[in-house]
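Contents: one structure, followed by commentary.
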Amino acid sequence: MDKITQEIDVKNLKGSPVSQIVNIGVNEGNPFNTLKKGNYAPVYSLKDVVDRVGFLSDIDSALKEELLPVYLHSIGGVGKTTIAQAYCNSTEYAQKYDYIFWVDASNEDVRKDVLNYDIFSFKEDSENPDNEFARFVRQSRELSGNVLLVIDNVQQIEQIQSIEKDCSLSLLRWNVLVTSRESINDNTFKKRVGEVSDCKRHFCVF
């Protein structure tokens with residue numbers, strides 16, 4: 001699917017709980033009104049990156065091409081988080097973004113991790129994650145410029161399903177990079193998965 005087709009698909013997500021209310025006016029108490037531009041990712045020294053620098057350009061190219069989340073996959077301990085941190089701390093790539101956010105995945109529904117991210121200070125008002133995330137998307141429109149959201153350490157297929165649900169993350173219009181140790185075999189988005197192998201580059205599926 002090309003980029004133009006993806007844009008049409010995202011705009012025409014009629015019928016999903018998220019899309020039905022995404023264009024309602026901004027609520028009061030919007031945490032994005034006062035959020036300062038900046039890089040909120042963990043600090044990492046590029047000097048510590050060994051034999052992995054080539055991945056950074058691969059990630060950058062993938063994020064340019066995709067409106068949907070891009071996945072960095074491998075078994076545990078190979079270096080997914082390290083590569084993602086290196087990308088966020090590289091002057092060459094980090095300067096492209098006005099905001100860089102880093103969220104650790106812990107809930108089965110990863111959207112809850114995004115909502116509870118302390119930088120946003122987003123206060124949930126209900127137990128309905130669809131409605132709450134829609135409100136989050138609506139309020140996020142206050143941010144201007146390019147945004148990168150990194151979701152780190154996804155370990156379950158249910159978490160991936162929550163990320164992909166209704167293309168809700170794509171409605172943010174942010175670049176999204178996900179590190180995952182869960183194998184992704186669904187052909188509908190497998191092309192958005194880059195494989196990391198120990199000491200070698202296998203980021204060739206984009």
Side-chain angles (χ1 to χ4, degrees), residues 37-120 140 143 145-164 168-170 172-184 189-206:
K37 293 182 178 180
N39 187 341
Y40 297 94
V43 176
Y44 186 83
S45 174
L46 295 183
K47 295 179 181 179
D48 296 330
V49 180
V50 180
D51 297 329
R52 298 302 179 94
V53 176
F55 277 110
L56 307 188
S57 62
D58 293 332
I59 290 172
D60 192 62
S61 297
L63 290 170
K64 284 181 182 177
E65 294 296 322
E66 290 292 339
L67 293 173
L68 302 172
V70 170
Y71 293 84
L72 192 59
H73 171 260
S74 78
I75 60 174
V78 171
K80 302 177 298 295
T81 297
T82 296
I83 294 170
Q85 288 177 341
Y87 180 78
C88 293
N89 283 272
S90 168
T91 302
E92 179 180 359
Y93 302 115
Q95 67 181 355
K96 299 181 178 183
Y97 302 100
D98 298 286
Y99 302 87
I100 298 179
F101 304 126
W102 185 282
V103 173
D104 294 312
S106 60
N107 283 284
E108 184 173 297
D109 188 337
V110 175
R111 295 176 302 170
K112 290 184 178 180
D113 295 309
V114 176
L115 294 175
N116 293 327
Y117 181 45
D118 56 0
I119 297 298
F120 298 145
S140 74
L143 293 182
N146 296 322
V147 182
L148 172 64
L149 170 65
V150 179
I151 300 175
D152 187 41
N153 200 29
V154 167
Q155 301 185 51
Q156 304 172 25
I157 190 63
E158 290 81 8
Q159 292 177 308
I160 294 174
Q161 290 169 343
S162 72
I163 292 171
E164 294 291 320
S168 52
L169 282 176
S170 301
L172 287 166
R173 299 294 182 182
W174 297 353
N175 289 112
V176 180
L177 177 65
V178 181
T179 71
S180 172
R181 66 175 63 183
E182 174 62 41
S183 179
I184 302 172
F189 61 98
K190 192 172 182 179
K191 71 184 187 68
R192 294 187 269 121
V193 181
E195 298 288 346
V196 181
S197 180
D198 195 14
C199 299
K200 296 181 180 179
R201 290 177 64 189
H202 288 282
F203 214 101
C204 57
V205 293
F206 291 107

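Model, not experiment: these values are computed from the prediction.
Taking each heavy atom of S168 and S162 in turn, the nearest pair found is OG-O, 4.4 Å. The two residues P42 and N89 have their closest heavy-atom pair at O-ND2, 2.8 Å.
The shortest distance between side-chain heavy atoms of V147 and L172 does not fall below 4.5 Å. No side-chain heavy atom of L177 sits less than 4.5 Å from a side-chain heavy atom of I151. A 4.5 Å side-chain heavy-atom check between N146 and Y99 finds every atom pair outside the cut-off. Side-chain contact check for T179 versus Y71: every heavy-atom pair is 4.5 Å or farther apart. Residues L149 and W102 have side chains not in contact (no heavy-atom distance under 4.5 Å, counting atoms from C-beta outward). Residues Y87 and L63 meet the side-chain proximity criterion, which asks for heavy atoms closer than 4.5 Å. Using a 4.5 Å heavy-atom threshold, the side chains of L115 and F120 count as separate. Within the 4.5 Å cutoff, no side-chain heavy atoms of I160 are placed close to those of V110.
Counting only distance, with no hydrogens or angles, the side chain of Q159 and the backbone of Q156 share a donor-acceptor pair below 3.5 Å. Under a 3.5 Å cut-off, the side chain of S90 and the backbone N or O of A86 do not form any donor-acceptor pair. Looking only at distances, no side-chain donor or acceptor of N107 sits under 3.5 Å from a matching main-chain atom of D109.
The line from CD1 of I157 to CD of E164 is 9.5 Å long, rounded to the nearest 0.5 Å. Interatomic distance, OG of S180 versus CG of D152, reported as 10.0 Å (0.5 Å rounding). Within the model, atoms OG of S106 and CG of N153 stand 9.5 Å from one another, a figure rounded to the nearest 0.5 Å. Taking CG of D113 as the start and CD of E108 as the end, the distance is 11.0 Å to the nearest 0.5 Å. Note: L148 CG to D98 CG = 11.5 Å, rounded to the nearest 0.5 Å. Note that the CD1 atom of I100 and the NZ atom of K37 stand 13.0 Å from one another [nearest 0.5 Å].
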Next item on the list: Check the pair Y93, S57 against side chain to side chain contact (heavy atoms under 4.5 Å, CB included), reporting the backbone distance first and the verdict last.
Entry: CA-CA 8 Å; Y93 302 115; S57 62; 3.3 Å; yes
Notebook entry, point to check: Going through the distances and angles, do V70 and V178 end up as a side chain to side chain contact (heavy atoms under 4.5 Å, CB included)?
Noted result: CA-CA 6 Å; V70 170; V178 181; over 6 Å; no
Next item on the list: Report the C-alpha separation of V154 and I163 in whole Å, then their side-chain angles, then the decisive distance to 0.1 Å, and conclude whether the side chain to side chain contact (heavy atoms under 4.5 Å, CB included) test is met.
Entry: CA-CA 10 Å; V154 167; I163 292 171; 4.0 Å; yes
Next item on the list: Could you give me the CA-CA distance, side-chain angles and deciding distance for Y117 and D104, then say whether side chain to side chain contact (heavy atoms under 4.5 Å, CB included) is met?
Entry: CA-CA 9 Å; Y117 181 45; D104 294 312; over 6 Å; no
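Taking the six-membered ring where the residue is Trp, the centroids of F101 and W174 are separated by under 6.0 Å.
Under a cut-off of 6.0 angstrom, the local environment of NZ in K96 is crowded, with over 12 non-hydrogen atoms contributed by other residues, nucleotides or ligands.
Among the candidates I83, T81, D58, the single residue satisfying the side chain to side chain contact (heavy atoms under 4.5 Å, CB included) test with L72 is I83.
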